[in-house]
Trainee: 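Pasting in a structure now, in structure tokens, and then I'll have a few things to ask.
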Amino acid sequence: MGQGQKGSSDKEGNKKKRDESPAPEDGQKCRVCRFPLLVALLQLLLGVAVTVVAFLMLAISPSLLARETPHWAGIILCLVSILGFILYCITYLPDERTSMQFIGKLLYFVLCTIGLVVSVLAMSFAGHHYTQTSSFRCEQAGEDCVCTLDQDKNDPIARTFTYKGVSDCEVITGTLTLYFLLQIVLNLAQALVCAIGAFIMWKHRYQVFFAGLQIGSPSSKQWQKV
């Protein structure tokens, strides 16, 4: 009789342990929606878009500076996204049991932070030049386009900007201004995606390192943060 009660108790204990064990990952989840795949996809798309728009701007006039054509911001985001794809391919282990996984997560967090700073910087440059080109008054000078910020063109101290190889000044006041506005929107989106990626990586991968020690009781098998 006692032996039967003991067997029944063991079965109940095993059932309780199975109930308390963490639920397996839902295999029906959309794989594209899993982190960091979704973030990496957005980073890749936005990085390619920023780079393409930057080279279209550079095709308008070779006089444009690197800060006016932020292809460097798009290329950096493409590199960050590639690391995100690599990190997604590494088998997930929540306790950082492999050095490759740990290095990949740390590097992805750092690069997302750098991407955030670079995107904000590119957005600031694009906003400044958008404000300038919106108030340009341009004149054709041979094969070049000479623009000034001051409506009174007789003012000798008015700043002038010369765009070489531009046969139509309407491209500067219209198309280039639109490209600057598009760069503002794209780099803002890049900054938000990088911020989300860095936050999720820190919260779900590294917060445990800074939340304190964990003390476990062998008898109850319950863990408690201190």
Trainee: Could you check if a side-chain atom of Ile196 sits within less than 4.5 angstrom of a side-chain atom of Leu42, using non-hydrogen atoms only?
Mentor: no

Trainee: Does the Cys169 SG fall under 2.5 Å from that of Cys147?
Mentor: no

Trainee: Identify the two heavy atoms, one from Ser134 and one from Thr177, that lie closest to each other, and give their separation to 0.1 Å.
Mentor: OG-CG2, 3.7 Å

Trainee: Using 0.5 Å steps for rounding, measure from the CD1 atom of Ile103 to the NZ atom of Lys105.
Mentor: 12.5 Å

Trainee: Do Val117 and Leu106 sit in one hydrophobic cluster, given that two such residues count as connected whenever their side-chain heavy atoms are within less than 4.5 Å of each other, even indirectly?
Mentor: no

Trainee: Transitively linked via ILVMFWY side-chain contacts under 4.5 Å: Leu45 with Leu188?
Mentor: no

Trainee: Please give me the minimum heavy-atom distance between Gly127 and Ile184, naming the atom from each residue.
Mentor: CA-CD1, 3.5 Å

Trainee: Identify whether Val185 and Trp72 are in the same connected component of the hydrophobic contact network (ILVMFWY, side-chain heavy atoms under 4.5 Å).
Mentor: no

Trainee: Applying the 4.5 Å side-chain criterion to the ILVMFWY set and letting contacts propagate, would Val50 and Ile60 be lumped into a single cluster?
Mentor: yes

Trainee: Can you tell me if Ser135 uses its side chain to pair, donor with acceptor, with the backbone of Leu149 under 3.5 Å?
Mentor: no

Trainee: Are Leu182 and Phe125 connected into the same hydrophobic cluster when the rule is that any two of I, L, V, M, F, W, Y join if their side-chain heavy atoms are below 4.5 Å apart?
Mentor: yes

Trainee: Measuring only between side-chain heavy atoms, which start at C-beta, is Leu46 closer than 4.5 Å to Val193?
Mentor: yes

Trainee: So which heavy atom on Leu176 is nearest to which on Thr133, and how close?
Mentor: CD2-CG2, 4.4 Å

Trainee: Quick check for you: to the nearest 0.5 Å, what is the distance between Gln140 atom CD and Glu170 atom CD?
Mentor: 11.5 Å

Trainee: Tell me, do Ser119 and Leu77 make a side-chain contact under 4.5 Å, heavy atoms counted?
Mentor: yes

Trainee: Check each of Thr175, Leu64, Leu178 against Met57 using the side chain to side chain contact (heavy atoms under 4.5 Å, CB included) test, and report the only one that passes.
Mentor: Leu64

Trainee: Hey, what do you get for CZ (Arg137) to OG1 (Thr160), rounding to the nearest 0.5 Å?
Mentor: 15.5 Å

Trainee: Is any side-chain heavy atom of Cys78 less than 4.5 Å from a side-chain heavy atom of Leu44?
Mentor: yes

Trainee: Please say which of Phe136, Phe161, Phe180, Tyr179 ends up in a ring-ring contact (aromatic ring centres under 6.0 Å, His included) with His129.
Mentor: Phe180

Trainee: Write down the atom of Ser63, the atom of Lys164, and the distance for their closest heavy-atom approach.
Mentor: OG-N, 3.0 Å

Trainee: Just to verify, what does Cys112 make a disulfide (SG to SG under 2.5 Å) with, not counting sequence neighbours?
Mentor: none

Trainee: Run the side-chain contact (heavy atoms from CB on, under 4.5 Å) test on Asn187 and Leu121 for me, step by step, so that the C-alpha distance in whole Å, both residues' side-chain angles and the decisive distance to 0.1 Å come before the verdict.
Mentor: CA-CA 9 Å; Asn187 281 283; Leu121 186 63; over 6 Å; no

Trainee: For Leu83, enumerate each residue passing the side chain to side chain contact (heavy atoms under 4.5 Å, CB included) test, keeping only those at least two apart in sequence or located in another chain.
Mentor: Leu107, Tyr108, Leu111

Trainee: When rounded to the nearest 0.5 angstrom, what distance separates CD1 in Ile76 from CD in Gln43?
Mentor: 12.0 Å

Trainee: Minimum heavy-atom separation for Gly197 to Val39, with atom names?
Mentor: CA-CG1, 4.1 Å

Trainee: Quick check: closest heavy atoms across Cys194 and Gly115, and the distance to 0.1 Å?
Mentor: SG-C, 3.9 Å

Trainee: Stepwise, does the side-chain contact (heavy atoms from CB on, under 4.5 Å) test hold for Asp144 with Tyr163?
Mentor: CA-CA 6 Å; Asp144 301 336; Tyr163 295 93; over 6 Å; no

